[in-house]
Protein chains: 2
Amino acid sequence: MRSAEFDREVVLRAAMNAFMEKGYNKTSMQDLKLATGLHPGSIYCAFENKKGLLLASLEQYNLDRSEELKSIFNGQSDALSGLRAYLDSIVSECVSGDPTQSCLSQKAINEIAQTDEQAQAVLSQQCVMWQGFMKEVFSQASQQGVITGPRSPQQRAQSLIVGIYGLRTFSQAQKDPDVISGIANQLLIDVCR
Amino acid sequence: MRSAEFDREVVLRAAMNAFMEKGYNKTSMQDLKLATGLHPGSIYCAFENKKGLLLASLEQYNLDRSEELKSIFNGQSDALSGLRAYLDSIVSECVSGDPTQSCLSQKAINEIAQTDEQAQAVLSQQCVMWQGFMKEVFSQASQQGVITGPRSPQQRAQSLIVGIYGLRTFSQAQKDPDVISGIANQLLIDVCR
DNA sequence: AGCTATCTTGAATAAACATTCAAAATAAAG
DNA sequence: CTTTATTTTGAATGTTTATTCAAGATAGCT
């Protein structure tokens with residue numbers, strides 16, 4: 001017997017970055033070989049093929065971002081402060097212009113969900129999980145009395161997610177940090193109303 | 001001398017559809033040859049290369065969608081009814097699941113704006129034009145007294161555009177028509193508040 | 001230490017790719 | 001009708017692509 005030499009998480013994060021820089025279709029196996037340091041044979045042995053590597057990267061990406069999400073909210077005194085901190089982090093991501101800070105899930109939704117059923121299923125489920133987390137945040141915010149109004153946590157979560165997706169696309173076309181930040185602030189106001 | 005045989009608009013609309021179905025990078029020259037009915041040489045003679053064909057398609061797409069946009073608002077009695085009709089058309093687009101009804105500009109923003117400066121410039125300008133049009137709509141709505149409140153037409157236009165971008169991405173992951181429609185209704189309320 | 005199952009290596013493969021080009025066709029001008 | 005400038009044609013080009021595979025290396029078990 002023999003165990004694999006490479007660290008799966010390290011390899012997947014390297015692949016993630018490669019996919020984020022060029023998108024799935026423009027990222028060649030050559031790019032992935034250079035990014036991960038793995039030879040083609042090893043990639044195929046471990047992940048079956050290029051799409052398998054993407055799907056594995058997507059899972060790892062979701063794990064990493066979920067952790068980050070939780071830690072942002074845990075670092076704040078109440079749910080509303082958490083939302084503010086979270087939107088600040090999204091604005092930073094949008095404004096940085098750094099491809100490796102962009103959202104791999106959103107990139108994949110736009111690039112391949114339409115043509116690949118398997119990716120569509122994974123991405124759809126990730127989106128539902130994100131919704132579930134945000135719904136819980138809005139529930140807590142209501143209980144804490146920091147937000148009021150008739151909208152359900154579910155509705156608020158959906159509007160927030162739509163706003164974040166939109167902000168990320170918009171910021172590719174309009175790079176002015178003040179504009180991005182302004183829209184994000186208004187989004188928070190609307191979603192908490 | 002000799003004039004071109006093909007109808008430029010027809011060819012560009014065929015290319016648009018091909019790009020919308022598979023995305024820019026997955027659409028091969030073979031696909032474009034079949035879609036347009038043009039031989040490789042003719043495509044290269046008329047549009048320089050594959051990217052040139054995309055850029056030309058993007059311009060034509062923007063012309064077509066701008067016309068559609070104007071006609072939706074012209075068909076309504078006031079600006080608020082226009083906004084309602086417009087968002088209805090966006091919801092239809094999202095819910096249809098038909099790739100040829102999706103937004104080529106948004107697909108291109110997500111797929112290639114990050115890596116291609118020329119495409120980025122074209123798409124950025126198109127986004128600014130769209131903003132300008134929507135800003136004018138919100139100005140009219142205020143003048144007509146159908147919406148009130150302190151937000152500027154510019155701010156409203158930006159929030160609406162972000163909401164539409166977001167809705168289109170969200171609808172790739174969550175296909176329930178009632179959910180999409182509900183989010184769109186709330187978006188209209190927030191943007192007119 | 002020796003065995004064996006598994007991983008690593010990287011060259012080889014075949015298909016798909018964007019692009020070119022010279023020959024044939026043809027529309028407009030004279 | 002002839003000329004001329006331009007387009008159309010489609011096979012050829014050379015590159016890049018994802019994927020395979022047999023040979024070599026090595027970790028863990030006995």
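Just so we're clear, the structure is a prediction, and the values are computed from it rather than from any experiment. In what follows, every chain begins at residue 1, and chains take the letters A, B, ... in the order their sequences are listed.
- Residues satisfying the side-chain hydrogen bond (donor to acceptor under 3.5 Å, both in side chains) test with Tyr44(A), not counting sequence neighbours, are none.
- In this structure, the salt bridge (charged side-chain N to carboxylate O under 4.0 Å, His left out) partners of Arg193(A), at least two apart in sequence or on a different chain, are Asp190(A).
- Protein chain B contacts DNA chain C from dC17(C) to dA28(C), reading 5' to 3' and using non-hydrogen atoms of the protein with a distance under 4.0 Å.
- Residue pairs that meet the ring-ring contact (aromatic ring centres under 6.0 Å, His included) test with at least one member in residues 72-127 of chain B, sequence neighbours left out, are Phe73(B)-Tyr86(B), Phe73(B)-Phe133(B).
- Looking at residues two or more places apart in sequence or on another chain, you find no salt bridge (charged side-chain N to carboxylate O under 4.0 Å, His left out) involving Lys175(B).
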Subject >> Protein proximity profile, nucleotides 18-26 of chain D - base contact B, sugar-phosphate-only contact S, no contact -, cut-off 4.0 Å on heavy atoms >> reply: SBBB---BB
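- There is no side-chain donor-acceptor pair under 3.5 Å between Asn74(A) and Ser71(A).
- Evaluation of the ring-ring contact (aromatic ring centres under 6.0 Å, His included) test over residues 134-174 of chain B, restricted to residues two or more places apart or in two chains, returns Trp130(B)-Tyr165(B).
- Every pair tested for ring-ring contact (aromatic ring centres under 6.0 Å, His included) that includes a residue from residues 90-129 of chain B fails, sequence neighbours excluded, so the list is empty.
- Sequence order on DNA chain D of the closest nucleotides to Ser3(B) and His39(B) puts Ser3(B) first from the 5' end.
- Using a 4.0 Å cutoff on non-hydrogen atoms, no part of residues 8-16 of chain B comes near DNA chain C.
- With sequence neighbours excluded, the residues that form a salt bridge (charged side-chain N to carboxylate O under 4.0 Å, His left out) with Asp116(A) are Lys51(A).
- As rounded to whole Å, 14 Å separates atom P of dG10(D) from atom CD1 of Ile43(B).
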Report, one line per pair, each donor and acceptor closer than 3.5 Å where one atom sits in a side chain of residues 119-128 of chain B; sequence neighbours left out.
| from | atom 1 | to | atom 2 | distance (Å) |
| --- | --- | --- | --- | --- |
| Ser124(B) | OG | Ala173(A) | O | 2.8 |
| Gln126(B) | OE1 | Ser105(B) | OG | 3.0 |
| Gln126(B) | NE2 | Leu58(B) | O | 3.2 |

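- Every residue two or more places apart in sequence or in another chain that forms a salt bridge (charged side-chain N to carboxylate O under 4.0 Å, His left out) with Glu9(A) is listed here: Arg13(A).
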